[in-house]
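Proteins come first, then strands; the chains are lettered A, B, ... in the order of their sequence lines, and each starts at number 1. Side-chain atoms are counted along with the backbone in the values below, which use heavy atoms only and exclude waters and symmetry mates.
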Amino acid sequence: MSEPTDTPTASNSVRELVVADNQAGTFDGRVQTRFPPEPNGYLHIGHAKAISVNFGIAEEFGGVCNLRFDDTNPDTEEASYVDGILADLAWLGFPIDDDPLYASSYFDQLYEWAVLLIENGLAFVDEQDGETISTQRGGYGRPGIESPFRDRPVSESLDLFERMRAGKFADGTYVLRAKIDMQHENMQMRDPVMYRIRGEAHHRTGEAWKIYPTYDWAHGQSDAIEGVTHSLCSLEFDSHRALYDWYLEHLPLPFDQPRQTEFARLELTHTVTSKRKLKQLVEDGTVSGWDDPRMPTLRGLRRRGYPASAIRNFCAFIGVARTNSRHQIELLESFIRTELNRVALRRMAVLRPLKVVITNWPIDDDGQPVVEYVELVNNPENPEDGTRTVPFTGSFYIEQDDFKAEPPPKYFRLTPGREVRLRGAYFVTATGFDADENGNVTEVQVTYDPETRGGSAPDGRKVKSTMHWVSAAHALDGSVALYGRLFTAEVPGEATGDVFDDLNRDSLELISDAKLEPALGDVEPGQVVQFERLGYFAADPVEPLMFHRTVGLRDEWAKIQKRKG
RNA sequence: UCCGGGGUCGUCUAAUGGUAGGACAGCGGUUUUUGGAGCCGCCUGUAGGGGUUCGAAUCCUCUCCCCGGAGCCA
């Protein structure tokens, strides 16, 4: 396998567009993008792609990418989300200004421009209710009809608009509409709403405004005000591009007109990225919060142990295209493994402990089992990480799975009469075991070969397997959360139309009696280590000796079993 | 129904008129003090028909399929 990390960034339709623009001299070779989150939820993996595309293109062409909060709807937006998004962005590792931009900073300019449009006969105040306006809009293949207020005198619209702003009217009673074309085949062009009345306080402008611009009326103009050249957005805005251009063409702009270009958003199998649905998972209590390690939110992935660098590499690798697509989550996971394999320290932990006793282990002068210390490498992929000493004595824990009284075919681990290696310690041979009345093995007896200290035999004999272990007398008790996919279906909701029908009710397994090697008491909060033979695990940011499984190791044995069953 | 955007291995993605390549997944081998990692190999694809061309995934044409669009959401 070649290193995905080393693979050059995929070719990319947006990059090609920018190159073409630069060659043609468009925008005088200037490249400026923007990332415009709405502060009504937290960032998720889908945003990571958008961030990567926007910041990536800007950086590559020596331009800038503005972080601009698209805060035009006070009903759903909150300052707390602004802070959360800023924190998530900082973690992801793209350069962001200390002072983010806000669409709400342009409310005055937007208002002036709206007045200009009214004066030029290109906008009017409508006083019909939403349902009526919607009906008049027509449908696909059906023209709309014009509002009876469409041709009211400019002075009347101006007066009404002024009073809308002054808060003289109730929510929903008046709107400002662009006067474009009610027959237009593109529904977005059928006299779209520019302003609506909202009594709700805004997280930045407070009570200053009673009217708020719609997305279409705010976005392109914000781009223009900031000098954005390439306004990159997702495919569903394709039909809005005509409107984006129309507004800009009818305004006196400080710069060249920015240009909107669409690309496919990132979708992943077994994952939902709709903010509304993520919010529901949180509010339902299905997950513990926005930062639940099963969530595709940036803060969830972070807590899960996904390295920001791996997410960035993934985003660069998948490229940018206009094809609707859904990446397999396994691809993301392979980037996570690749990165973690490189950087994660190796440690030993036993998740489902089975006690093993060495019957020929020496006793010291006080009648206690001798304690030895073995030297283990911290990361074979990176010798600079050095080694650590791990205590070993006559009784220790192994995984329950690592012993079978009656071994199935191809099972290479401990079984009566078989010799295996304890990683970095000794060869041991199972001589007997105890079981309870249900036949569950409760303890295994082994003998060890003192000549095999360090894990190799002077006579050169081989063993089929190497197992991890934790000294019983020195084990730390810890807890471990194992995560499965939050949704069982590759495409949640595909079968029934409701994503929640595909919720995996067993997406979390909590183990409270894991046995950890002593060095695991020293990990930093949030640090990710590899539990040998098991996978990568992230230390909880606050709770000591609590670990979240980031992702498992590839597991040949599991694969063999799966094939059988 | 109208308009717009798409359709290349299982999943993504490259090839921009000149050998259909890569990654993930899968399969097999090798190696291994992690059944990890690594290394080697295999596997499968241009939606369909017609045309232009010495040559088509690429250009033209017809058909089929998928996605988006009728918020005072973004």
For U19(B), give the paired nucleotide (Watson-Crick: N1-N3 plus N6-O4 or O6-N4; G-U: N1-O2 and O6-N3; both under 3.5 Å), or none. none
Tell me whether G71(B) sits syn or anti, counting syn as a glycosidic angle within 90° of 0. syn
Return yes if a side-chain donor-acceptor contact under 3.5 Å exists between H468(A) and R346(A), otherwise no. no
With heavy-atom distances below 4.5 Å as the criterion, would you say the side chains of N382(A) and V343(A) are in contact? no
With a 4.0 Å cut-off on heavy atoms, is F69(A) in touch with a base, just the backbone sugar-phosphate, or nothing at all? nothing
Need one value for D129(A): base, sugar-phosphate or nothing, where a base atom within 4.0 Å counts as base even if backbone is also close, heavy atoms only. base
With sugar-phosphate meaning primed atoms plus P, OP1 and OP2, does D70(A) contact a base, only sugar-phosphate, or nothing at under 4.0 Å between heavy atoms? sugar-phosphate
Does S134(A) put a side-chain nitrogen or oxygen below 4.0 Å from OP1 or OP2 of G71(B)? yes
Would you say a side-chain N or O of R563(A) is under 4.0 Å from OP1 or OP2 of C27(B)? yes
I'd like to check, for Y140(A), whether its ring lies over the base of A70(B) with centroids under 5.5 Å apart and a plane angle smaller than 30°. no
Interatomic distance, F107(A) atom CZ to W209(A) atom CH2 [nearest 0.5 angstrom]: 8.0 Å
Start at the 5' end of RNA chain B and walk down; is the nucleotide closest to R326(A) or to S465(A) reached first? R326(A)
Looking at F35(A), Y106(A), Y102(A), which one forms a ring pair (Phe, Tyr, Trp, His ring centres under 6.0 Å) with F69(A)? Y102(A)
Any R423(A) side-chain nitrogen or oxygen under 4.0 Å from OP1 or OP2 of G36(B): no
With sequence neighbours excluded, residues passing ring-ring contact (aromatic ring centres under 6.0 Å, His included) with W246(A): H250(A)
So, does the side chain of E330(A) form a donor-acceptor pair with the base of U11(B) at under 3.5 Å? no
Once you apply a heavy-atom cut-off of 4.0 Å, does R346(A) come out as touching a base, just sugar-phosphate, or nothing? base
Tell me whether the side-chain N or O atoms of Q328(A) pair up with the base of G10(B) as donor and acceptor below 3.5 Å, since no angle test is needed here. yes
Can you check whether R554(A) has a side-chain N or O nearer than 4.0 Å to OP1 or OP2 of A37(B)? yes
Ring centres under 6.0 angstrom apart (F547(A), F537(A)): no
Using the P atoms only, state how far C24(B) lies from G41(B), rounded to an integer number of Å. 14 Å
Verify the contact: side-chain N or O of S325(A) to OP1 or OP2 of U13(B), cut-off strictly under 4.0 Å; return yes or no. yes
As a test of reading the structure: which of G35(B), G7(B), A14(B) is closest to the side chain of T323(A), going by heavy atoms? G7(B)
Which part of the nucleic acid, if any, lies within contact of F237(A), taking any heavy atom under 4.0 Å across all strands shown: a base, the sugar-phosphate backbone alone, or nothing? base
Say you pick atom C1' in U1(B) and the same atom in G68(B); how far apart are they, in whole Å? 16 Å
Give a yes/no on whether any side-chain N or O of K275(A) is located under 4.0 angstrom from OP1 or OP2 of C73(B). no
Is the base of G35(B) touched by the side chain of R413(A) through a donor-acceptor pair closer than 3.5 angstrom? yes
Please figure out whether T269(A) or Q530(A) has its closest RNA chain B nucleotide nearer the 5' end. T269(A)
Using centres under 5.5 Å plus planes under 30 degrees as the test, is F412(A) stacked with G35(B)? yes
Contact class for Q128(A) (heavy atom, under 4.0 Å): base, sugar-phosphate, or nothing? base
Have a look at T72(A) and say if it touches a base, only the backbone sugar-phosphate, or nothing, with a 4.0 Å heavy-atom cut-off. sugar-phosphate
Without hydrogens or angle criteria, can the side chains of Q188(A) and N186(A) be said to hold a donor-acceptor pair below 3.5 Å? no
Below 4.0 Å: OP1/OP2 of A74(B) and any side-chain N or O of R196(A): yes
Is it the case that the base of A74(B) and the side chain of H240(A) share a donor-acceptor contact (distance under 3.5 Å, atom types as modelled)? yes
With a 4.0 Å heavy-atom cut-off, tell me which residues in residues 380-391 of chain A come close to RNA chain B, sorted by residue number. P380(A), E381(A)
Report yes if a side-chain nitrogen or oxygen of R322(A) is closer than 4.0 Å to either non-bridging phosphate oxygen (OP1 or OP2) of G6(B); otherwise report no. yes
Could you check, using the six-membered ring where one of them is a Trp, whether F314(A) and Y306(A) have ring centers closer than 6.0 angstrom? no
For E532(A), which contact category applies under a 4.0 Å heavy-atom criterion: base, sugar-phosphate, or nothing? base
Please state whether the base of U1(B) and the side chain of R142(A) form at least one donor-acceptor pair under 3.5 Å? no
By ring-ring contact (aromatic ring centres under 6.0 Å, His included) - contacts of Y411(A) (at least two apart): W557(A)
For U32(B), does OP1 or OP2 lie under 4.0 Å from any side-chain N or O of R421(A)? no
Distance-only polar pair, side chains of Y212(A) and E200(A), donor-acceptor under 3.5 Å: no
